[in-house]
Amino acid sequence: VISVDTVGDLRRQLARWREMGERIALVPTMGNLHPGHLRLVERGRDLADRMVVSIFVNPLQFGETEDLDAYPRTMTEDETKLVSAGVDLLFAPALSEVYSRPRTEQTLVQVPVISDILCGASRPGHFTGVATVVCKLFNMVQPDLALFGEKDFQQLLVIRRMAEDLCMPIEIRSVPTVREEDGLALSSRNGYLTPGERELAPAIYRQLNITATAIQSGDTDYLRLEEQAVNALEEEGLRPEYFQIRRALDLAEPTVNDRQLVILAAAFLGRARLIDNLSLTLD
Ligand code: PAF
């Protein structure tokens with residue numbers, strides 16, 4: 001894998017591939033790579049000639065009380081994984097390469113409404129931080145396509161909306177969540193769990209499935225289902241932040257006519273904040 005840390009070197013390398021007419025895919029990450037990230041890379045390799053992965057822990061998307069300092073940084077292990085995965089180029093810029101101005105003087109990319117609900121309600125500014133850095137990475141790499149995991153469903157919709165609204169000529173592809181055998185969605189934050197908490201963690205996915213099954217069998221009392229799920233998670237020892245049944249298209253409250261739904265959940269377990277979701281189509 002070719003590894004670069006400046007936009008200049010990145011662009012020189014990409015220009016060679018572009019001249020040869022090669023199609024370029026980007027997987028943006030914050031590192032600490034797990035099989036979920038590698039699934040994105042695998043899919044990208046099927047769809048493009050060159051695979052670029054970026055590793056950048058983006059301070060702009062962390063709240064002041066969040067885990068920016070604790071966020072796992074495992075560059076050496078990550079590089080080894082990227083070599084095995086057949087990645088062509090690793091872009092790992094320093095903070096100053098991405099942000100040259102103080103926070104208050106930066107241009108920000110704000111995607112309204114969808115950024116303010118669910119995870120955005122408890123993490124103010126988070127999705128602006130995500131949209132801003134992804135916009136920058138898109139402009140730096142100028143990929144033909146970019147891949148994102150469905151685990152961060154709200155993030156995926158924010159990025160799709162940004163790309164559409166700002167007329168970015170980039171195809172956004174989503175890739176299904178990769179799970180442990182017991183259903184727990186892979187996440188770098190799973191590393192914060194103690195062995196005891198790790199045993200409790202699959203409760204989130206179990207509860208998503210219980211709710212999905214109830215909806216599929218005709219239950220339309222979504223408020224009651226949400227409340228039951230919150231109670232069940234609390235009983236299992238988690239601290240749910242939200243458990244919501246939404247319209248998959250834009251995460252609005254569903255009406256009786258909506259057939260494409262997504263159930264989204266966030267819960268604290270010890271010091272880890274875990275999120276997960278499950279999409280369903282009503283017939
Ligand atoms: O999903 C992530 O890892 C991050 O939010 C992303 C998309 C790399 C932006 O920093």
Side-chain angles (χ1 to χ4, degrees), residues 5 7 10 25-41 43-44 51-63 66-75 77-78 81-82 85 87 89-95 97-99 103 106-111 114-115 118-120 122-141 143 145-163 166 168 170-178 185-192 264 266 272-277:
D5 58 9
V7 177
L10 171 75
L26 170 67
V27 171
T29 80
M30 299 205 298
N32 193 238
L33 303 178
H34 53 63
H37 295 112
L38 300 178
R39 186 70 61 83
L40 300 178
V41 167
R43 187 85 186 99
M51 187 66 237
V52 181
V53 171
S54 64
I55 295 184
F56 178 68
V57 181
N58 173 35
L60 203 63
Q61 71 188 73
F62 286 79
E66 292 180 6
D67 57 341
L68 174 61
D69 294 335
Y71 200 85
R73 287 153 173 94
T74 51
M75 190 56 92
E77 292 90 328
D78 289 350
K81 288 176 189 166
L82 294 179
V87 167
L89 183 63
L90 164 63
F91 177 49
L95 186 62
E97 189 72 10
V98 179
Y99 295 111
R103 235 171 222 248
Q106 279 164 38
T107 299
L108 299 175
V109 179
Q110 227 161 348
V111 184
I114 192 158
S115 293
L118 302 165
C119 286
S122 59
R123 305 184 71 191
H126 169 67
F127 288 115
T128 297
V130 169
T132 302
V133 83
V134 171
C135 177
K136 279 170 174 275
L137 290 165
F138 281 1
N139 285 333
M140 290 169 177
V141 177
L145 73 136
L147 300 103
F148 296 87
E150 287 170 11
K151 199 209 118 214
D152 298 301
F153 194 84
Q154 190 174 2
Q155 164 172 286
L156 173 67
L157 294 192
V158 166
I159 291 165
R160 275 195 200 287
R161 181 74 60 84
M162 169 189 76
L166 299 182
M168 295 175 167
I170 300 170
E171 192 187 323
I172 308 295
R173 287 281 190 142
S174 70
V175 177
T177 304
V178 180
L186 296 193
S187 162
S188 297
R189 292 190 167 101
N190 294 348
Y192 297 152
L264 307 104
R273 182 179 179 280
L274 305 179
I275 59 171
D276 202 352
N277 67 84

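Indexing begins at 1, ligand by ligand and atom by atom, following the structure's order. Residues take their numbers from the sequence shown, with the count starting at 1.
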**Message:** As an exercise, state the distance from CZ of Phe91 to CG of Leu26, rounded to the nearest 0.5 Å.
**Reply:** 10.0 Å
**Item:** Spacing of Asp276 atom CG and Phe153 atom CZ [to the nearest 0.5 Å]
**Value:** 12.0 Å
**Message:** Counting only nitrogen or oxygen atoms and a 3.5 angstrom limit, does Asn58 reach ligand 1?
**Reply:** no
**Asked** Tell me, which protein residue and heavy-atom name are nearest atom 3 (O) of ligand 1, and how many Å apart are they?
**Response** Met30 CG, 3.7 Å
**Asked** How long is the span from the NZ atom in Lys81 to the CG atom in Leu90, to the nearest 0.5 Å?
**Response** 13.5 Å
**Protein heavy atom at shortest distance from atom 9 (C) of ligand 1** = Gln61 OE1, 3.3 Å
**Message:** Checking the N or O distance criterion of under 3.5 Å, is ligand 1 in contact with Gln155?
**Reply:** yes
**Item:** Ligand-residue contact atoms, ligand 1 with Val133, heavy atoms, under 4.0 Å
**Value:** 9 (C), 10 (O)
**Item:** Atom CD of Gln110: over 12 foreign heavy atoms under 6.0 Å
**Value:** no
**Prompt:** Any idea how Phe62 and Tyr71 line up, ring-wise: parallel (<30°), tilted (30 to 60°), or perpendicular (>60°)?
**Reply:** perpendicular
**Complete:** Honestly, for Thr29 the part within reach of ligand 1 (heavy atoms, under 4.0 Å) is backbone
